[in-house]
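Structure incoming, see below.
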Amino acid sequence: MTSSLPPPASSPVPSVPPARRGTPLIRAEKLRVEYRGRSGGGKVRALRDVDLEITEGETLGLVGESGCGKSTLGRALLRVVEPAAGTIDFLGLNITTLRGTRLRRTRADMQMVFQDPFGSLNPRRTIADIVAEPLLRVRGASRAEADRTVAELLRRVGLGSEDGARKPHEFSGGQRQRIGIARALASSPRFVVADEAVSALDVSIQAQVLNLLSDLVRERGLTMLFISHDLGVVRHIADRVAVMYLGQIVETASRDDFFSGPAHPYSSALLSSVPSLRPSGRRERQVLEGDLPDPANPPDGCLFQTRCPFADETCRTRMPELTEFTPGRAVRCHKPLVSTREADPS
């Protein structure tokens, strides 16, 4: 396989304890999600012992190819998808053990903005009823209180309070996504998962919705997991980036560190596809051969070794750990592209 990837660092990444960085709002440890295979076959692991921490007030961009487990992770953090193993700690509470009323109350603090701005809205209900539902059912607000809050939310997302009497089909795609954002914010959540929230929109509308989300995160102190396959969009909105491959986190880094020099060969290949307006910022396109391995029959050793131009016998036989080598930066690779010396000049 030929590739223009930069050579890996000569020094291995040392295993050091993660540094404390602010207050984690949500933390997943050894999170595993499994689905039954086709025709009743064996189990397919959609998430493979994922460790992930999102600090209060930050926006974490989660990227990777389709089918790598991004949406599954977002839904698992909200307990929409049940994990087969592992724990999810939210505001100091292990929510993997919650059931019934306690789970519903916790979910009021955790909401999702979906990819499809039409399919996620009930076509038979008015916008006011759709947005008010979390207030009425979860927060126990009166109808008068809900109506006031709905009117305020609609105005905040760029719609008029009079739009509450209309139904979803009367709005454009961008307007429907604004309605979805208003609904997600109605219960005053602490944590929001935006799952490909702008991918179905035109580019000009994408920018408007991204700016709206950024403003709301700042104004309300929200913590957000922003899932996207579009690295250009992630660069616009995220504080930090996590990369997924075949159900594993293979790299985490601050936005600036990631876009200036990714540490994992897979991250580098993803980033090479992002166009740059500056000639000095252009990267030579790196084409990865082959498709994602079958999740039901993953390769031995490093899961990326079947597509990596640097793979050797160690990669083919030993799974690398996700190892933090500077505060906030970690990579799952035996031969990272960023050495510890480059990452930490001191």
Side-chain angles (χ1 to χ4, degrees), residues 26 28 33 35 46-47 50 52 54 59-82 107 110-125 127 130-131 133-134 153-154 157-159 167-187 189 191-217 222-238 240-247 249 270 273-274 292 295:
I26 189 164
V33 171
Y35 296 120
L47 297 182
V50 169
L52 186 69
I54 308 177
T59 295
L60 177 67
L62 182 63
V63 302
E65 294 170 284
S66 295
C68 70
K70 302 187 302 296
S71 294
T72 299
L73 177 55
R75 285 164 167 75
L77 291 177
L78 302 183
R79 287 283 309 279
V80 175
V81 171
E82 287 296 325
R107 278 180 173 159
M110 312 167 75
Q111 294 292 320
M112 176 172 276
V113 179
F114 296 91
Q115 176 179 2
D116 184 354
F118 187 72
S120 62
L121 303 176
N122 189 330
R124 299 185 179 185
R125 304 185 68 188
I127 299 308
I130 290 172
V131 176
E133 184 175 9
L153 282 170
L154 291 179
V157 299
L159 299 172
K167 293 186 177 180
H169 72 271
E170 300 179 63
F171 295 88
S172 67
Q175 289 173 322
R176 288 196 291 263
Q177 196 58 289
R178 290 170 182 268
I179 294 165
I181 293 170
R183 177 181 60 183
L185 297 179
S187 62
F191 177 56
V192 173
V193 174
D195 186 7
E196 298 282 5
V198 299
S199 63
L201 306 177
D202 292 338
V203 174
S204 60
I205 305 302
Q206 280 187 7
Q208 295 175 19
V209 174
L210 285 173
N211 289 334
L212 173 63
L213 283 170
S214 295
D215 290 344
L216 291 169
V217 165
L222 291 172
T223 301
M224 181 163 67
L225 177 64
F226 187 87
I227 300 170
S228 180
H229 66 278
D230 188 332
L231 280 167
V233 168
V234 169
R235 187 170 195 168
H236 178 85
I237 197 170
R240 197 160 56 94
V241 179
V243 182
M244 285 203 80
Y245 185 80
L246 207 66
I249 300 292
L270 288 179
S273 65
V274 179
L292 279 169

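Keep in mind the model is a prediction, meaning the values are calculated, not measured. We count residues from 1, following the sequence as given.
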> I130 and P168: which non-hydrogen atoms are nearest, and at how many Å?
Replying inline: CD1-CG, 3.9 Å

> How would you list, by chain and number, every residue that makes a side chain to side chain donor-acceptor pair (under 3.5 Å) with R176, sequence neighbours excluded?
Replying inline: none

> If you take all heavy atoms of V80 and R107, which pair is closest and at what distance?
Replying inline: N-NH2, 3.9 Å

>> Quick check: do M244 and L47 have side-chain heavy atoms less than 4.5 Å from each other?
In response: yes

>> Could you work out, with side-chain contact (heavy atoms from CB on, under 4.5 Å) as the rule, every residue matching S199, not counting sequence neighbours?
In response: Q115, E196, H229

> Can you list the residues that meet the side-chain contact (heavy atoms from CB on, under 4.5 Å) rule with V157, with sequence neighbours excluded?
Replying inline: L159, R178, I181, A182, L212

>> Using the salt bridge (Lys or Arg N to Asp or Glu O under 4.0 Å) criterion, which residues pair with R79? Sequence neighbours excluded.
In response: E82

>> Checking E170 now: which residues fulfil side chain to side chain donor-acceptor pair (under 3.5 Å) with it, not counting sequence neighbours?
In response: none

> Side chains of L222 and L185: closer than 4.5 Å at any heavy-atom pair?
Replying inline: yes

> Could you give the distance from OG1 (T223) to CD1 (I54), rounded to the nearest 0.5 Å?
Replying inline: 8.0 Å

>> I need the minimum non-hydrogen distance between G74 and I227, along with the two atoms involved.
In response: CA-CD1, 4.1 Å

>> Could you work out, with salt bridge (Lys or Arg N to Asp or Glu O under 4.0 Å) as the rule, every residue matching D215, not counting sequence neighbours?
In response: R218

> Does a side-chain heavy-atom distance below 4.5 Å link R75 with D195?
Replying inline: yes

>> If the condition is side-chain contact (heavy atoms from CB on, under 4.5 Å), which residues does A242 pass it with, not counting sequence neighbours?
In response: L52, L60, L62, I249, T252

> Listed by chain and number, what are the side-chain contact (heavy atoms from CB on, under 4.5 Å) partners of S187, not counting sequence neighbours?
Replying inline: A108, Q111, P134, R139, P189

> Looking at side-chain heavy atoms only, is the closest gap between V81 and Y35 below 4.5 Å?
Replying inline: yes

>> Looking at every heavy atom in both F114 and Q177, which two are closest together, and how far apart are they?
In response: O-NE2, 3.1 Å

> What pair of heavy atoms forms the shortest contact from V131 to A186, and how long is it?
Replying inline: O-CB, 3.3 Å

>> Is any side-chain heavy atom of F226 closer than 4.5 Å to one of H236?
In response: no

>> Taking side chain to side chain donor-acceptor pair (under 3.5 Å) as the definition, give me every residue that meets it alongside N122, ordered by chain and number, with sequence neighbours left out.
In response: none

> Under 4.5 Å between any side-chain heavy atoms of I205 and S172, yes or no?
Replying inline: no

>> Could you walk me through whether F171 and L121 satisfy the side-chain contact (heavy atoms from CB on, under 4.5 Å) test, starting with their C-alpha distance in whole Å, then the side-chain angles of each, then the deciding distance to 0.1 Å, before giving a yes or no?
In response: CA-CA 11 Å; F171 295 88; L121 303 176; over 6 Å; no

>> Counting C-beta onward and ignoring hydrogens, is there a side-chain heavy-atom pair between L201 and Q208 closer than 4.5 Å?
In response: no

> Side chains of I26 and M110: closer than 4.5 Å at any heavy-atom pair?
Replying inline: yes

>> Checking S120 now: which residues fulfil side chain to side chain donor-acceptor pair (under 3.5 Å) with it, not counting sequence neighbours?
In response: none

> Pairs in or reaching into residues 222-231: which pass salt bridge (charged side-chain N to carboxylate O under 4.0 Å, His left out), with residues at least two apart or in two chains?
Replying inline: none

> Which atoms form the tightest heavy-atom contact between V113 and V192, and what is the distance?
Replying inline: CG2-CG1, 4.1 Å

> With E133, which residues qualify under salt bridge (Lys or Arg N to Asp or Glu O under 4.0 Å), at least two apart?
Replying inline: R125, R137

